[in-house]
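A short worksheet on the structure shown next.
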There are 2 protein chains.
Amino acid sequence: MRSPTELAQVFREKQLKLTPQRQLLFGLLHDNDSHPTAESLFEIASKQMPGISLRTIYQTLGELADMGELQLVDLGNGAMRFDPNMGEHQHFVCGSCGAIHDVDITSAPKLRAGSAEGFAVEEIGVVFHGRCDRCNRPNHGEQVSQHSKRSPGIQAKKIRQVKQASSN
Amino acid sequence: MRSPTELAQVFREKQLKLTPQRQLLFGLLHDNDSHPTAESLFEIASKQMPGISLRTIYQTLGELADMGELQLVDLGNGAMRFDPNMGEHQHFVCGSCGAIHDVDITSAPKLRAGSAEGFAVEEIGVVFHGRCDRCNRPNHGEQVSQHSKRSPGIQAKKIRQVKQASSN
DNA sequence: CTCTAATTTGCAAGTCATGCTAACTAACAA
DNA sequence: TTGTTAGTTAGCATGACTTGCAAATTAGAG
Ligand SMILES: [Mn+2]
Ligand SMILES: [Mn+2]
Ligand SMILES: [Zn+2]
Ligand SMILES: [Zn+2]
């Protein structure tokens, strides 16, 4: 995503108003690598601008995504994540603390079309699951700070979908 | 997933009842490579057993998944998919007709841990997006038979998440 | 300052999935 | 066959996340 200043420029050009709500979000998203959800942005935004609507957060995030300033990342666990990093990259999800880290694609490109027999592959999505650096350290307390409000049933087992590799 | 007969055996051993609802689902899922949703299974099941509850479909699917007979596949577009194919494989999603096809992993393993710098990768999920064989043929009518009832807003742009590869 | 089109809000509604529980029944024993 | 009962089902409520909608508000132009 571009800087708040640059975005302001773009918005003006498109006759989109530079509302305080939007400016606030520009700031919160700029260089933000936490892969926030609409809800988490709402909480933070609410501190600086009490009364801001969650609806507006969704609205603005949607606009930014439409403008190609944000990536929508669905990791299959609850809410959508918003990523201002538009560079070609993948994600690593820590099953212990829930943190989401960027992963540079190094070997991913290799799996290209080769894998899809007969189909015209345009895009490939990859999500790594495991334990992050910190959670791997001896005493880490198993603090699952990420309490995805969504129930555990099917959700918890979705990980089964991606059972593979990493072992050979 | 095992055959209905084998599953019956397993269920008996676990003191789980062999209800007609379960038996019906065993049959509908056996060798089913359509990656159905709970809803689609419900529709089909309803024809053979009017009155069956969608809740029961979810319940049974959840049990089978717990027993390791089904894979839960979340392609990030609407409802969860259920896959009786427990083999290690990936999926290709046709953006035109919505069909989901199995893809054998040939080169995917190569991207292994290498990509995740510093993290302990346990599992990797990969989803290919593109156009299927049929939809690529000259005159195909652009029939988007799959009308995912979910609105288009953010949902439609999720594909942005996986923008990469396939071009080099 | 005035006007107007864009935006924000708040709430309803929609989708997918699970929680809960009364009614039901498969399975087993008598 | 009949009774018993633990396991199931069906239905409805609830929950999480997201979007639709329209009235109220406001940024930005003139
Ligand atoms: Mn990222
Ligand atoms: Mn499959
Ligand atoms: Zn962690
Ligand atoms: Zn197709």
Side-chain angles (χ1 to χ4, degrees), chain A residues 8-9 11-26 36-43 45-46 49-66 72-82 146-158, chain B residues 8-9 11-26 36-43 45-46 49-66 72-82 146-158:
Chain A
Q9 188 61 39
F11 270 60
R12 262 189 294 268
E13 289 169 7
K14 298 192 178 185
Q15 317 225 191
L16 297 176
K17 294 178 179 176
L18 234 60
T19 66
Q21 289 88 342
R22 281 173 173 165
Q23 291 176 300
L24 171 55
L25 281 172
F26 291 172
T37 61
E39 195 71 45
S40 72
L41 284 168
F42 174 59
E43 284 173 31
S46 293
M49 186 183 287
I52 188 174
S53 168
L54 173 59
R55 190 67 187 75
T56 299
I57 305 291
Y58 272 110
Q59 191 109 306
T60 303
L61 290 173
E63 292 166 348
L64 289 172
D66 281 340
L72 299 178
V73 182
D74 181 349
L75 298 169
N77 49 28
M80 183 74 65
R81 303 286 177 155
F82 298 86
Q146 57 127 23
H147 46 123
S148 80
K149 272 170 272 183
R150 188 161 255 179
S151 28
I154 280 179
Q155 213 66 18
K157 284 162 292 178
K158 262 199 270 190
Chain B
Q9 188 61 39
F11 270 60
R12 262 190 293 266
E13 289 168 8
K14 296 192 177 184
Q15 319 226 185
L16 296 176
K17 294 179 179 175
L18 236 63
T19 66
Q21 289 88 340
R22 281 174 173 165
Q23 292 176 299
L24 171 55
L25 281 173
F26 290 172
T37 61
E39 196 75 39
S40 71
L41 285 168
F42 174 58
E43 284 172 32
S46 292
M49 187 183 286
I52 188 173
S53 169
L54 173 58
R55 189 68 187 77
T56 298
I57 304 290
Y58 272 110
Q59 191 111 304
T60 303
L61 290 173
E63 293 166 348
L64 289 172
D66 282 340
L72 298 177
V73 182
D74 181 350
L75 299 169
N77 48 29
M80 183 74 64
R81 303 287 177 155
F82 297 86
Q146 57 128 20
H147 48 122
S148 81
K149 271 170 273 183
R150 184 164 257 180
S151 29
I154 282 178
Q155 213 65 17
K157 285 163 291 181
K158 262 198 271 188

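Lettering of chains follows the sequences in order, A, B, ..., and the numbering in each one begins at 1.
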Could you check whether any side-chain heavy atom of B/Met80 comes within less than 4.5 Å of a side-chain heavy atom of B/Leu61, counting everything from C-beta outward? no
Taking C/dT9, D/dA10, C/dA26 as options, the one with an atom nearest any side-chain atom of A/Ile52 is C/dT9
Which is true for B/Gln15 with a 4.0 Å heavy-atom rule: it touches a base, it touches only sugar-phosphate, or it touches nothing? sugar-phosphate
Side-chain contact check for B/Gln21: nearest option of D/dT9, C/dT8, C/dA17 is D/dT9
Side-chain touch A/Leu72/A/Phe82, heavy atoms, less than 4.5 angstrom: yes
Margin query: With a 4.5 Å cut-off on side-chain heavy atoms, are A/Arg22 and A/Glu63 touching?
Written below: yes
Is any side-chain N or O of A/Tyr58 closer than 4.0 Å to OP1 or OP2 of D/dT18? yes
Under 3.5 Å, side chain of B/Arg81 to main-chain N/O of B/Leu75, donor-acceptor pair present? no
Between CG of B/Leu54 and P of C/dG19 the distance, given in whole Å, is 15 Å
Among C/dT8, D/dA10, C/dT25, the one nearest any side-chain atom of B/Lys17 is C/dT25
Of the candidates D/dA10, D/dT19, D/dA27, the side chain of A/Pro20 sits closest to D/dA27
Considering only heavy side-chain atoms of B/Arg55, the closest of C/dT8, D/dC21, C/dG19 is C/dG19
Base of D/dG7 paired with side chain of B/Arg22 (donor-acceptor, under 3.5 Å) | no
Here the distance between atom C1' of C/dT8 and atom CZ of A/Phe42, to the nearest Å, is 13 Å
Discussion item. Classify A/Thr56 by what it touches in the nucleic acid, base, sugar-phosphate, or nothing, heavy-atom distance under 4.0 Å.
Written reply: base
From CD of B/Gln9 across to P of C/dA27 the rounded distance in Å is 12 Å
B/Leu18 CG to C/dC24 P, in whole Å, measures 22 Å
Rounded to whole Å, the CD1-P distance (A/Ile57 to D/dT18) equals 13 Å
Assert: residue with more 5' nearest nucleotide on DNA chain D, out of A/Leu16 and B/Phe11, is B/Phe11
message = Within a 6.0 Å radius of atom CD on A/Glu13, are there more than 12 heavy atoms belonging to other residues, nucleotides or ligands?
response = yes
From CE of B/Met49 across to C1' of D/dT8 the rounded distance in Å is 12 Å
Atom CG of B/Leu61 and atom P of D/dT8 are separated, to the nearest Å, by 15 Å
OP1, OP2 of D/dA27 versus side-chain N and O of A/Thr19: anything below 4.0 Å?
no
Taken to the nearest whole Å, CD/B/Gln23 to C1'/D/dT9 is 15 Å
Taking for B/Arg12 and for B/Thr37 the nucleotide of DNA chain C with the nearest heavy atom, the one nearer the 5' end belongs to B/Thr37
